[in-house]
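One structure is given below, encoded as structure tokens.
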Amino acid sequence: MKHTKNTNPFYIITGGPGVGKTTLLGELKNRGMAVVPEIARELIKEQQAIDGEALPWKNKKLYMELMFQRSVASYEAVSESFKDGSPLFFDRGFVDALCYAALEGIPIDQEMKTYAENYRYHPQVFILPPWKDIYQTDDQRKQDWNEAVFTFNKMIQTYRMYQYDLVEVPKVSTSERADFILDYLRNH
């Protein structure tokens, strides 16, 4: 199934680490919106539980490949089952795995590039900027503040390279961020 830019209401919410994406998606879900959870964090937790290699601080290439594969599988499963046309929000997308590859200097194979060019999310991507006041590290998020800012900038570059339009979500309360996104959708 090939998707072009305007065939589905699949919206990505992305940004560097620790900017409130998951909290924002929780708020959208509480408001009755459909949400697809983040793949990367679950992959890290799974790998930590089994002392696996697919971790960003162990085998970066394997981590990126699994993150991409699982993000694609998630996208495809939703494409098959989600038919009502209302907005669906992804906590990151497979393009984020390509951004991670760029950050780490991991080559992206042609199959990944082709997938990213032909299977599309909605052209407007909501991006949350770095926000030092809320940034925290934890067992899955080990990047320091400078890495978080660098990741955000690489996200901008990567999403633009794949011809997405970025909509920056303001640094306000989670509720106000959800309002911003829903108002944006109503008005565009």
Side-chain angles (χ1 to χ4, degrees), residues 3 5-45 67 70-100 119-141 143 145 147-160 162-188:
H3 294 278
K5 280 191 170 186
N6 295 309
T7 61
N8 63 50
F10 296 174
Y11 291 89
I12 295 174
I13 295 180
T14 193
V19 294
K21 292 178 303 297
T22 304
T23 304
L24 172 58
L25 281 138
E27 175 69 16
L28 290 168
K29 185 176 182 178
N30 288 340
R31 294 181 184 203
M33 307 305 294
V35 170
V36 177
E38 182 180 16
I39 300 294
R41 198 166 189 65
E42 290 307 310
L43 175 59
I44 291 171
K45 286 179 183 177
M67 185 170 44
R70 290 182 183 188
S71 296
V72 165
S74 174
Y75 176 94
E76 289 178 342
V78 170
S79 292
E80 294 299 319
S81 64
F82 193 79
K83 303 290 185 195
D84 76 1
S86 61
L88 174 68
F89 296 97
F90 285 77
D91 190 338
R92 301 193 179 277
F94 51 76
V95 179
D96 289 66
L98 303 180
C99 176
Y100 177 77
Y119 290 76
R120 306 290 295 181
Y121 296 93
H122 194 277
Q124 274 73 47
V125 171
F126 295 101
I127 188 163
L128 283 66
W131 191 355
K132 199 165 194 169
D133 290 347
I134 67 168
Y135 187 76
Q136 297 178 20
T137 58
D138 60 28
D139 289 342
Q140 289 81 44
R141 180 186 308 121
Q143 301 96 326
W145 173 248
E147 289 174 297
V149 172
F150 185 72
T151 300
F152 171 75
N153 291 324
K154 189 58 86 172
M155 288 282 184
I156 291 171
Q157 181 184 10
T158 304
Y159 272 95
R160 285 183 178 158
Y162 286 99
Q163 300 177 359
Y164 286 96
D165 300 318
L166 298 170
V167 178
E168 188 168 312
V169 178
K171 296 177 189 177
V172 292
S173 73
T174 301
S175 178
E176 291 169 308
R177 283 177 155 188
D179 290 341
F180 173 86
I181 289 171
L182 296 175
D183 287 345
Y184 184 92
L185 295 182
R186 278 190 288 275
N187 295 316
H188 291 86

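If you're wondering where the values come from, they're calculated on a predicted model, not measured in any experiment.
Scanning both residues, V169 and P129, for their nearest heavy atoms gives O-CD, 3.1 Å.
Ring geometry for Y121 versus Y164: interplanar angle of 30 to 60°, hence tilted. Using bins of under 30°, 30° to 60° and over 60° for the plane-to-plane angle, the ring pair Y184/F126 lands in the perpendicular bin. The aromatic rings of H122 and Y11 sit parallel to each other, their planes meeting at less than 30°, with 60° as the upper class boundary.
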Step-by-step side chain to side chain contact (heavy atoms under 4.5 Å, CB included) determination, L128 to R177: CA-CA 9 Å; L128 283 66; R177 283 177 155 188; 2.9 Å; yes
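Between N8 and V78 there is no side-chain heavy-atom pair separated by less than 4.5 Å.
For R70, the side-chain hydrogen bond (donor to acceptor under 3.5 Å, both in side chains) criterion is met by E46, not counting sequence neighbours. Residues satisfying the side-chain hydrogen bond (donor to acceptor under 3.5 Å, both in side chains) criterion with S175, sequence neighbours excluded, are R31. Residues passing the side-chain hydrogen bond (donor to acceptor under 3.5 Å, both in side chains) test with S173, sequence neighbours excluded: E176.
Note that SG of C99 and NZ of K154 are 7.0 Å apart. Values are rounded to the nearest 0.5 Å. Remark: Q157 CD to L166 CG distance equals 11.5 Å, nearest 0.5 Å.
R120 forms no cation-pi arrangement with F10, by the criterion of a distance under 6.0 Å to the ring centre and an angle within 45° of the ring axis.
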